[in-house]
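To start, the structure under review is shown below, and the notes come after it.
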Amino acid sequence: MTAAAARLDEGLAELDRSDLRRTRRTLDSPQAAHVTLAGRTLANFSGNDYLGLANHPRLKDAAHRALDEWGVGAGASPLVSGHSRLHAEAEQRFARFAGLPRALLFGSGYAANLGILATLAGRDAEIFSDALNHACLIDGARLSRAGVSRYAHADVADLEARLRASRAAVRIIATDAVFSMDGDLAPVARLVDLAERYDAWLVLDDAHGIGVAGATGRGSLEHWGVRSPRIVYMATLGKALGGYGAFVAGEARVVEWLVQRARTYIYSTALPPMLAAVAIEAITLLEEDRGLVAALRSRIARFHAACRAEGIEPPASSTAIQPLVVGSAARAVAASQALAERGFFVPAMRPPTVPEGTSRLRVSLTAAHSDEDIDGLARSIAAVLAR
Ligand SMILES: *Cc1c(COP(=O)(O)O)cnc(C)c1O
C-alpha cells in the first residue's frame, strides 16, 4: 500500500473510533412520510421534504409532461444553449412568488451560494458570517478570497461591532435564514437594518424557510415582512419545494452580474428542463393551496404538544426542524438506532455538521405526517432518552 492510501485508511479508522463514520441508508421507496429501509417500513423524520411534495402527483405529472416535450438533459450551460423557455418561466414565476425583481435558476443551492459569495466578494471584501452557517456559505466565503469575520450565532451586537470596525471596500452579511441544524431563525429584520446602515449586502440562505416560513409559505422575507435592495435571496428547490435546483433572487443588477460572472452558473450544465417545470408546479401548488403550509404548522404544534405530554421540553424551534440535543456522538447514534428499532427514522447529527458536544437527533416534520406518527415518535423519544 502506498503512504497516501495508508493515510486514508488511518483516517477512516479514526472516524470509526470516534463514532463519526457516516453510512448511507439505502431507501427502497420514495421520500415520503413512511419509507422502506432494509425490508422494514419506518415513519420517516429524516428528510427535508417539509410539504410532502417530493412524490406529489402534481409535481410528477409536471415532470412527465416536461420530459415528453423537452427530453431529459439541458445539453449545455445556460449561456451557451441550455437555457429554455421553461427555465425562463420558472425564474419569472419565482421572482413574482418571492416578491423580488428578478430570479436566476442555479443547479443547486450549494452551487448558488458558492456563486453568490465568490461573485459579490473579492479580495477587497469582508464577509460577515454567522457562526452556525451552512457549509456552502462557509465554502463560498473561502472561494471568494475575501476576509471572513465570523460573528456569534444570531448576535446582532457582535455583528454590528465587526461592521463598524471594517475598512473593507465591500461588506457582505451572509446567514442561513432558518438554521439547518437548530431550526431557529436569523434576526432578519435587524440584519436588514444593519445592512442598510453599514452599506452591506445581505445574503439570505432560505433553504429551510422557503415553503415553510411566512403566512403563505413564501419564506423568511414574508415571515419578517422585509424588503431591501441589499437582500440577495437564495432558496433551494430540493427541500420543501420537492424537486431539485435553486433560485437566487434580488435586484435585477445583482442577478445580471451573477449571469455575467458567477462561475458555478456559467460553467455548469443548466438544470434539466423538467426540474424547471417541477419548480413551476410547486410554486403554483403553494399559490393555490394554503392548506399545505397550514398542515405543516399544525404538525409542528402537535409535536410540541406531544413532547410536553411525554415530559420532554420541546425544541425552541417554530420550523420543521426540531433538534433534540443529546451530547456525545455515541449517544446520538445509539438513540437514532433505538428509534429505528421502534419504527422511527430520525438521523443522528454529529460533528463536523454540528459543534462538538452537541450531537443531536434531528427530527424533521412534514405536512404528510399523521397524528399517530407524531405522537408515536414523541413516546419513543421519551423511552429512548430515558435509558
Ligand atoms: C441543503 C442546504 C443548502 C444546499 O442546497 P442544495 O440545493 O441541496 O445544494 C444550502 N443551504 C442550506 C442551509 C441547506 O440546508
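The chain is numbered in sequence order, starting from 1.
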**Item:** Steps toward side-chain contact (heavy atoms from CB on, under 4.5 Å) verdict (Asn55, Lys60)
**Value:** CA-CA 7 Å; Asn55 193 34; Lys60 293 199 308 194; 3.2 Å; yes

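- Considering CG of Asn113 and OG1 of Thr264, their distance stands at 9.0 Å, rounded to 0.5 Å.
- Counted within 6.0 Å of CZ on Arg190, heavy atoms from surrounding residues, nucleotides or ligands total 12 or fewer; the atom is thus considered open.
- No single ILVMFWY cluster, assembled from side-chain heavy atoms under 4.5 Å apart, contains both Phe106 and Met274.
- With Arg261 contributing its side chain and Thr119 its backbone, the two residues share no donor-acceptor pair below 3.5 Å.
- Annotation: the span from His87 atom NE2 to Trp70 atom CH2 amounts to 9.0 Å, rounded to 0.5 Å.
- Counting only distance, with no hydrogens or angles, the side chain of Asn44 and the backbone of Ala32 share a donor-acceptor pair below 3.5 Å.
- Salt bridge status for Arg142 with Asp139: present, with a side-chain N to carboxylate O gap under 4.0 Å.
- Ring pair His208/Tyr50 is tilted by interplanar angle, where 30° to 60° counts as tilted.
- Using a 4.5 Å heavy-atom threshold, the side chains of Tyr233 and Ile210 count as touching.
- Of all the heavy atoms in Ala33 and His369, the pair that sits closest is CB-CD2, 4.0 Å.
- Closest approach of Arg21 to Leu12, counting heavy atoms only: NH2-CB, 3.8 Å.
- Annotation: the span from Arg22 atom CZ to Thr353 atom OG1 amounts to 4.5 Å, rounded to 0.5 Å.
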**Request:** Take Asp61 and Arg65 through the test salt bridge (charged side-chain N to carboxylate O under 4.0 Å, His left out) and record every step on the way to the result.
**Result:** CA-CA 6 Å; Asp61 276 352; Arg65 277 183 269 114; 5.2 Å; no

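- Linking ILVMFWY side-chain heavy atoms closer than 4.5 Å, directly or via other members, places Leu258 and Ile172 in a single hydrophobic cluster.
- Proximity of a side-chain donor or acceptor of Arg145 to a complementary backbone N or O of Gly122 within less than 3.5 Å is not detected.
- At distances below 3.5 Å, at least one donor-acceptor pair connects side-chain atoms of Ser364 with backbone N or O atoms of Gly47.
- Looking at Cys307 and Glu313, their side chains never come closer than 4.5 Å, going by heavy atoms from C-beta outward.
- Linking ILVMFWY side-chain heavy atoms closer than 4.5 Å, directly or via other members, places Val203 and Phe179 in two distinct hydrophobic clusters.
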**Message:** Would Leu79 and Tyr265 count as a side-chain contact (heavy atoms from CB on, under 4.5 Å) here? Give the steps.
**Reply:** CA-CA 9 Å; Leu79 299 195; Tyr265 183 72; 4.2 Å; yes

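- Remark: side-chain polar atoms of Asn133 are paired, donor with acceptor, to backbone N or O of Asp176 under 3.5 angstrom.
- A heavy-atom distance below 4.5 Å is found between the side chains of Arg302 and Asp371.
- Looking at Asp375 and Arg379, no side-chain N of the basic residue comes within less than 4.0 Å of a carboxylate O on the acidic one, giving no salt bridge.
- Formation of a donor-acceptor pair under 3.5 Å by the Thr319 side chain with backbone atoms of Gly183 is found in this model.
- Side-chain contact between His34 and Asp373 is present, with heavy atoms from C-beta onward closer than 4.5 Å.
- Residue Ala112 comes nearest to Val248 through the heavy atom pair CB-CG2, 3.7 Å, listed as atom of the first residue, atom of the second, then distance.
- Between atom CZ of residue Phe344 and atom CG of residue Leu361 there is a gap of 13.0 Å, rounded to the nearest 0.5 Å.
- Closest non-hydrogen pair, Ala186 versus Leu191, comes out as CB-CD1, 4.2 Å.
- Of all non-hydrogen atoms in Ala168 and Asp124, the two that sit nearest each other are CB-O, 3.6 Å.
- There is no path of hydrophobic side-chain contacts, each under 4.5 Å, that joins Leu86 to Leu59.
- For the pair Asp206 (side chain) and Ser220 (backbone), a donor-acceptor distance under 3.5 Å is present.
- Remark: of the listed residues Arg362, Arg360, His304, Arg299, His304 is the sole one forming a side chain to side chain donor-acceptor pair (under 3.5 Å) with Gln322.
- Between Glu196 and Ser228 the shortest side-chain heavy-atom distance falls below 4.5 Å.
- Counting heavy atoms from C-beta outward, Leu20 and Pro351 have side chains that approach closer than 4.5 Å.
- Although no hydrogens or angles enter the test, the distance criterion places a donor-acceptor pair under 3.5 Å between the side chain of Thr284 and the main chain of Ile280.
- With respect to Glu287 and Arg93, a salt bridge is recorded, a charged nitrogen being found less than 4.0 Å from a carboxylate O.
- At a threshold of 4.0 Å, the pair Glu256-Arg253 does not count as salt-bridged, since none of the basic side-chain nitrogens sits closer than that to a carboxylate oxygen.
- Val188 is connected to Tyr151 through a chain of hydrophobic side-chain contacts under 4.5 Å among Ile, Leu, Val, Met, Phe, Trp and Tyr, so both are in one cluster.
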**Prompt:** Between Asp184 and His153, does a side chain to side chain donor-acceptor pair (under 3.5 Å) hold up when you go through it step by step?
**Reply:** CA-CA 11 Å; Asp184 60 331; His153 175 54; 2.6 Å; yes

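- When the shell of 6.0 Å around CZ of Arg85 is examined, it contains 12 or fewer heavy atoms from other residues, nucleotides or ligands.
- Here the side chains of Met181 and Leu132 are not in contact, with every heavy-atom distance at 4.5 Å or above.
- Dense packing is recorded around CZ of Arg58, with more than 12 heavy atoms of other residues, nucleotides or ligands lying under 6.0 Å away.
- Across all non-hydrogen atoms, the minimal contact from Ala174 to Ile127 is CB-CG2, 4.2 Å.
- In this structure, CG on Leu241 lies 7.0 Å from OG1 on Thr236, to the nearest 0.5 angstrom.
- Side-chain atoms of Ser336 come within 3.5 Å of backbone N or O of Val346 as a donor-acceptor pair.
- The shortest distance between side-chain heavy atoms of Met1 and Asp9 falls below 4.5 Å.
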**Request:** Show the numbers, then the answer: is there a side-chain contact (heavy atoms from CB on, under 4.5 Å) between Thr216 and Leu286?
**Result:** CA-CA 7 Å; Thr216 63; Leu286 269 169; over 6 Å; no

**Request:** Starting from the C-alpha separation in whole Å, work towards a yes-or-no answer on side-chain contact (heavy atoms from CB on, under 4.5 Å) for Ser166 and Tyr198.
**Result:** CA-CA 9 Å; Ser166 176; Tyr198 291 91; over 6 Å; no

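- Taking a 6.0 Å sphere around CD of Glu356, one finds it holds 12 or fewer heavy atoms contributed by other residues, nucleotides or ligands.
- Listed for the Asp16 side chain is no donor-acceptor partner under 3.5 Å among the backbone atoms of Ala13.
- Salt-bridge annotation for Arg197 and Glu160: present, with a side-chain N of the basic residue lying under 4.0 Å from a carboxylate O of the acidic one.
- In this structure, CZ in Phe303 is found 11.0 Å from CZ in Arg308, a value given to the nearest 0.5 Å.
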